[in-house]
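In this chain, residues are counted from 1 in sequence order.
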Amino acid sequence: MKKSTMFALLCVLLVCVMSFSACHLEVGGYAIGIMKLEEFESSSHGSVQQPDTTGNDPIYNIPDETVASEDSTGNQGGIQIDTSYQQLAMSAQDVIEFYKRATTDVKVRAPGYIRSRHQEISDVEGGDGTVPLINRVLNLVGTEVLKASGDEEDSIQINPHDDIAVRETFPMFNKDVGCELTDMSIVKSAVCYSDGLTYKIIITFDDQLNPDPENSAFGQIMTPIDRDALSDPIEEYLVVLDMNSYKFDINYTNCEITCIIDKETSRMTSLKHKMIMDIDIVMNLDLILFQTNNVKAGGRIVNFLEYYNFDWT
């Protein structure tokens, strides 16, 4: 081969290589290109993608509308999920002890606070003219619950260092401690969460049928009413023919405590008691008052008790 021909072929090859460095070839819908090694290494194609090992998966805890409205939230399938609180590694017994210390500290130090409450009555059932009766009974129960919390007003302001008012209006009512519970068998769950600045305690209970306010385990942490105290007022509305068939039950179901405690001071900043009472009545009545002597009636009362704006000065 002549030297001139060889030189021409080398020039053509050099032009092709230079062209490929700036061009690509399209084959079957894919682009095949050639670039300089230093360009490839400096590009994102030349770096290896490392997996995320930061552990930033969101921690989902028990849904709570109040906290979700105050803190950052996530949204999964239209359901708001609180992502600000993380569960702490505490046993149910430890959580109850933490709650005891926080509530008893309120009794001892007597801070100021606002106490508010309200009730909802629903699921009223009764036939043959008994609806007015069950409405009266439910109102009696609701009134007794309100009386137990120490004042007739729905919202009251307690001043700091008024230890008598705190003793009467803060649970446990008319006692020097906030919790006396030792029997953990009634506790469905007791969990403590933290967002770094506060602790959030949530305590739930198994259903409790007719718990005694003084002698039951439920009465050592919640505020059930004295069922026997309602017998005389109920009988004022009717004449019971057969006391042996008279039944008046209060079943406390899905009751819950939510308590927020400041992490730095270990002092309470808010407390909520939700107490749900299902009322069930079966009795024989005077036929003059009702069309039947066999009355079955019932209803539900939900009592909300809340403490906030604590003043620890």
Side-chain angles (χ1 to χ4, degrees), residues 62 64 66 92-107 113 115-122 138 140-151 154 156 158 166-192 199-230 248-261 268 270-280 299-308 310:
I62 298 176
D64 184 282
T66 301
Q93 181 69 60
D94 289 339
V95 174
I96 295 297
E97 292 300 323
F98 190 15
Y99 176 76
K100 284 182 181 180
R101 292 194 298 271
T103 53
T104 300
D105 193 40
V106 174
K107 295 282 191 174
Y113 53 76
R115 187 224 62 197
S116 66
R117 65 191 179 190
H118 72 278
Q119 293 180 347
E120 298 174 359
I121 296 179
S122 62
L138 290 173
L140 280 173
V141 174
T143 300
E144 193 69 21
V145 173
L146 297 180
K147 285 168 54 180
S149 57
D151 194 276
D154 290 336
I156 59 173
I158 301 300
V166 171
R167 192 176 190 274
E168 293 177 349
T169 63
F170 191 85
M172 299 161 57
F173 303 128
N174 297 308
K175 292 192 176 182
D176 296 324
V177 295
C179 176
E180 296 177 324
L181 181 66
T182 58
D183 182 1
M184 293 294 296
S185 66
I186 69 166
V187 176
K188 181 185 295 184
S189 66
V191 186
C192 184
Y199 296 110
K200 176 183 176 185
I201 293 173
I202 299 179
I203 305 170
T204 62
F205 304 92
D206 293 323
D207 290 0
Q208 304 294 311
L209 181 62
N210 300 325
D212 185 273
E214 297 295 331
N215 301 315
S216 67
F218 190 67
Q220 294 175 336
I221 187 169
M222 292 293 279
T223 56
I225 61 173
D226 185 359
R227 188 173 61 104
D228 293 336
L230 295 170
F248 171 51
D249 289 332
I250 304 177
N251 185 35
Y252 296 79
T253 180
N254 295 320
C255 298
E256 181 179 284
I257 293 174
T258 303
C259 179
I260 306 296
I261 299 170
M268 185 179 300
S270 74
L271 175 66
K272 295 179 182 179
H273 278 203
K274 182 176 73 174
M275 197 161 60
I276 302 176
M277 294 164 282
D278 286 334
I279 314 299
D280 183 28
R300 166 172 286 189
I301 296 177
V302 184
N303 189 74
F304 298 92
L305 190 62
E306 183 175 1
Y307 301 83
Y308 55 95
F310 280 81

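Looking at K107, its side chain does come within 3.5 Å of a backbone N or O of F170 through a donor-acceptor pair.
Distance check: E168 CD to I158 CD1 gives 8.5 Å after rounding to the nearest 0.5 Å. Note that the CD1 atom of I250 and the CG atom of D278 stand 10.5 Å from one another [nearest 0.5 Å]. Summarising the geometry, atom CD1 belonging to I257 is positioned 13.5 Å from atom NZ belonging to K272; distances are rounded to the nearest 0.5 Å. Distance CG/L271 to CD1/I201: 9.5 Å, rounded to 0.5 Å. In this structure, T143 OG1 and Q119 CD are separated by 7.5 Å, a value rounded to the nearest 0.5 Å. Atom OG1 in T103 sits 8.0 Å away from atom CD1 in I221 (nearest 0.5 Å).
For the salt bridge (charged side-chain N to carboxylate O under 4.0 Å, His left out) test, residues two or more places apart in sequence or in another chain that qualify with D249 are K247. A search for side chain to side chain donor-acceptor pair (under 3.5 Å) contacts involving D206 returns nothing, not counting sequence neighbours. Contacts of Y199 classified as ring-ring contact (aromatic ring centres under 6.0 Å, His included), with partners at least two apart in sequence or in another chain: F98. Among residues two or more places apart in sequence or in another chain, the side chain to side chain contact (heavy atoms under 4.5 Å, CB included) test is passed with P211 by Q208, S216, F218, P224, Y252. Applying the side chain to side chain donor-acceptor pair (under 3.5 Å) criterion to D207, with sequence neighbours excluded, gives T253. Scored by the side chain to side chain donor-acceptor pair (under 3.5 Å) test, E306 finds no partners at all (sequence neighbours excluded). A search for side chain to side chain donor-acceptor pair (under 3.5 Å) contacts involving E97 returns Q93, K100, not counting sequence neighbours. Partners of F304 according to the ring-ring contact (aromatic ring centres under 6.0 Å, His included) rule, which considers only residues two or more places apart in sequence or in another chain, are H118.
You'll find the side chain of D280 stays beyond 4.5 Å of the side chain of N251, heavy atoms only.
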Checklist entry - Yes or no on side-chain contact (heavy atoms from CB on, under 4.5 Å) for N303 and M277, after CA distance, side-chain angles and deciding distance? => result CA-CA 8 Å; N303 189 74; M277 294 164 282; 4.1 Å; yes
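K274 and N254 make their closest contact through CE-O, 4.0 Å (heavy atoms, listed as atom of the first residue, atom of the second, distance). Considering all non-hydrogen atoms of both residues, I225 and P213 come closest at O-CD, 3.8 Å. Listed here is the closest heavy atom pair of A217 and D183: CB-CB, 3.8 Å.
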Show me the donor-acceptor pairs, under 3.5 Å and distance only, between side chains in residues 171-182 and residues at least two apart or in other chains.
residue : atom : partner : partner atom : Å
K175    : NZ   : E180    : OE1          : 3.2
D176    : OD1  : R167    : NE           : 2.8

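Counted by atom type alone, Y113 and T169 present one or more donor-acceptor pairs between their side chains at under 3.5 Å.
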